[in-house]
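Report on one structure; see the data block that follows.
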Number of protein chains: 2
Amino acid sequence: MTTRIQRRNRGLILDAALEVFSANGFRGATLDQIAAVAGLSKPNILYYFDSKERMHNALLEGLLDVWLAPLRAIDPEGDPRAQIMGYMRRKLQMSRDYPRESRLFANEVLQGAPRLETSISGTLRDLVDDRAAVIQAWSDAGRLPAIDPYHLIFSIWAMTQHYADFDAQIRLIRGKRDPMDGAEAFLEIVFERLLRV
Amino acid sequence: MTTRIQRRNRGLILDAALEVFSANGFRGATLDQIAAVAGLSKPNILYYFDSKERMHNALLEGLLDVWLAPLRAIDPEGDPRAQIMGYMRRKLQMSRDYPRESRLFANEVLQGAPRLETSISGTLRDLVDDRAAVIQAWSDAGRLPAIDPYHLIFSIWAMTQHYADFDAQIRLIRGKRDPMDGAEAFLEIVFERLLRV
DNA sequence: AATAATCTTGACTGAATGGTCAAGTCTGTT
DNA sequence: AACAGACTTGACCATTCAGTCAAGATTATT
């Protein structure tokens, strides 16, 4: 049974861990940093999560559902183009609203996903396979142009997450302008043209 | 004056450093690992590069030109669509041939580019501004559809580098298939449709 | 109020890691 | 061969960092 204090502190710790892991990667993050951001002592955060590794894992596991929600929300019964455009928009919105989550996963995958448990990767693969099949069926029915559904999904990930993951580079190039200024309009055009039958 | 031995060892070290930094990030890489991969002792690699930081920096600086070559190769006098399609193809080829370089820069940018010297970032920004202006001029002359040239460049980066940077994720989803199978054909369609006047 | 359970932390420990150094080996030049 | 300069390394040091622990403080239960 979890107490009031446990709920509060686990929350504080996971939020601090997200902050620090996403900005520095697993190896670059230190428990001292996380403790400082959480406003707790280091032994105390280790009281709630047995090790740095477990903390990281709890974070990934807890965020997976949020992270995959936009893809889950694709409705096989809906209008193909509207569904995919909606997915793209939701994913871009995620990059805007949850850049830390995006960078957390990016750090992990970039280094070969050495800490992604099989349960997490299995969930991911199954969902993608399922959604790819839906898109393929739309293609086969002539309701979408013939395109590889996996590459379509990858391209949506790539372009939307780019704004969160490579924010530093975009800022460097675009100066004071908001990195996402014009992004939605641009992506709208890209996918609208791609999906036109 | 640089000796034969210096040339050989600096080369060995930078290649090992690329291997280790790109796979683990700056903080995750250790000098012991780099020394082992280079086949030299740790004090010896520090004889050639004063510190881990300098080694990393020498690597980024040395690779910048290679990395930006495809963008440089865009010819303002050429055919707009062919030039941009060619750029996309060269960039995808880079992801295939030089995934380590892609991941090295990705790691750095993902963590906020804390070690990108101003000379490097200046070079990058100037080149992108220049090429964006070329693309804008093509648009203004009606030789390309009206699209934001910066977002166009970002989208090419995003989609091509995705195959190198997130290789682990793609492999997870696609199983045994080569992650880049079908990528070129897909990107060809995306940009061909986007750039049609 | 008394007791048990939960929570908190200062002070540690051992391992990893970036970097140093003095002493030695190798290479090129005369 | 002899010498200078370049190269190499075992042993070491200081710091950082994940994780431990015993003792104390707080909270919940009776």
Side-chain angles (χ1 to χ4, degrees), chain A residues 1-61 104 107-108 111-112 114-117, chain B residues 1-61 104 107-108 111-112 114-117:
Chain A
M1 178 243 163
T2 66
T3 69
R4 175 179 53 86
I5 294 175
Q6 272 168 36
R7 256 192 310 282
R8 189 192 49 135
N9 285 353
R10 279 186 211 273
L12 284 173
I13 293 167
L14 286 178
D15 188 68
L18 174 58
E19 186 72 27
V20 176
F21 280 132
S22 67
N24 304 96
F26 181 78
R27 198 94 177 344
T30 73
L31 292 179
D32 285 296
Q33 280 177 287
I34 295 171
V37 173
L40 300 170
S41 69
K42 182 167 63 164
N44 204 8
I45 67 175
L46 282 164
Y47 172 78
Y48 290 100
F49 295 92
D50 293 348
S51 70
K52 189 183 176 183
E53 188 105 24
R54 270 177 210 276
M55 205 154 96
H56 188 254
N57 195 55
L59 198 53
L60 289 177
E61 217 155 57
L104 181 77
N107 264 301
E108 180 63 14
Q111 306 196 356
R115 281 170 293 271
L116 264 201
E117 300 223 323
Chain B
M1 182 241 163
T2 66
T3 69
R4 177 177 52 85
I5 295 174
Q6 272 169 35
R7 256 192 310 281
R8 190 193 46 137
N9 285 353
R10 277 184 211 275
L12 284 174
I13 293 166
L14 287 178
D15 189 69
L18 174 58
E19 186 72 27
V20 178
F21 280 132
S22 69
N24 304 97
F26 181 79
R27 199 96 180 340
T30 74
L31 292 180
D32 286 295
Q33 278 176 287
I34 296 171
V37 173
L40 300 171
S41 70
K42 182 168 63 162
N44 204 9
I45 67 175
L46 282 164
Y47 172 78
Y48 290 100
F49 295 92
D50 293 349
S51 70
K52 188 183 178 184
E53 187 104 23
R54 270 176 210 278
M55 205 154 98
H56 188 254
N57 195 55
L59 198 54
L60 290 177
E61 217 155 56
L104 181 76
N107 263 302
E108 180 63 13
Q111 306 196 356
R115 281 170 293 273
L116 265 200
E117 300 224 325

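Here the structure is a predicted model, which means the values were calculated and not measured.
Between A:A38 and A:L12, the shortest heavy-atom contact is CB-O, 3.9 Å. The two residues B:D50 and B:L46 make their nearest non-hydrogen contact at O-CD2, 3.7 Å. Across all their heavy atoms, A:K42 and A:L31 have their closest contact at CD-CB, 3.8 Å. Among all heavy-atom pairs drawn from B:S41 and B:A35, the shortest one is C-CB, 3.9 Å.
With a heavy-atom cut-off of 4.0 Å to chain A, the contacted part of DNA chain D has its first and last nucleotide at D:dC17 to D:dA28.
Side chains of B:L14 and B:F49 form a contact here, defined as non-hydrogen atoms less than 4.5 Å apart. No side-chain heavy atom of B:R27 sits less than 4.5 Å from a side-chain heavy atom of A:N24. Put simply, the side chain of B:Q111 reaches to within 4.5 Å of the side chain of A:N107, judged on heavy atoms. Here the side chains of A:Q33 and A:F21 are not in contact, with every heavy-atom distance at 4.5 Å or above.
Looking at heavy-atom distances under 4.0 Å, B:A29 makes contact with sugar-phosphate atoms alone, never a base.
Shown for residues 11-20 of chain B: no residue has heavy atoms falling under 4.0 angstrom of DNA chain D. Only A:S41, A:P43, A:N44, A:Y47, A:Y48, listed by number, bring a heavy atom of residues 36-56 of chain A to less than 4.0 angstrom from any atom of DNA chain C.
The side chain of A:T3 places an N or O atom within less than 4.0 Å of a non-bridging phosphate oxygen (OP1 or OP2) of C:dC7. The shortest distance between the side-chain N/O atoms of A:Q6 and the OP1/OP2 oxygens of C:dC7 is below 4.0 Å.
Taking atom CZ on B:R4 and atom P on C:dC26, their separation rounds to 14 Å, with Å as the unit. Distance CZ (B:R8) to C1' (C:dC26): 12 Å, rounded to an integer number of Å. What separates CZ of A:R7 from C1' of C:dC7 is a distance of 15 Å, to the nearest Å.
Ring pair A:F26/A:H56 is perpendicular by interplanar angle, where above 60° counts as perpendicular and below 30° as parallel.
Relative to the six-membered ring of B:Y48, B:R54 misses at least one condition, a distance below 6.0 Å or an angle of at most 45° to the axis.
Using a distance-only test at 3.5 Å, with no hydrogens or angles considered, a donor-acceptor pair links the side chain of B:E108 to the main chain of B:R115.
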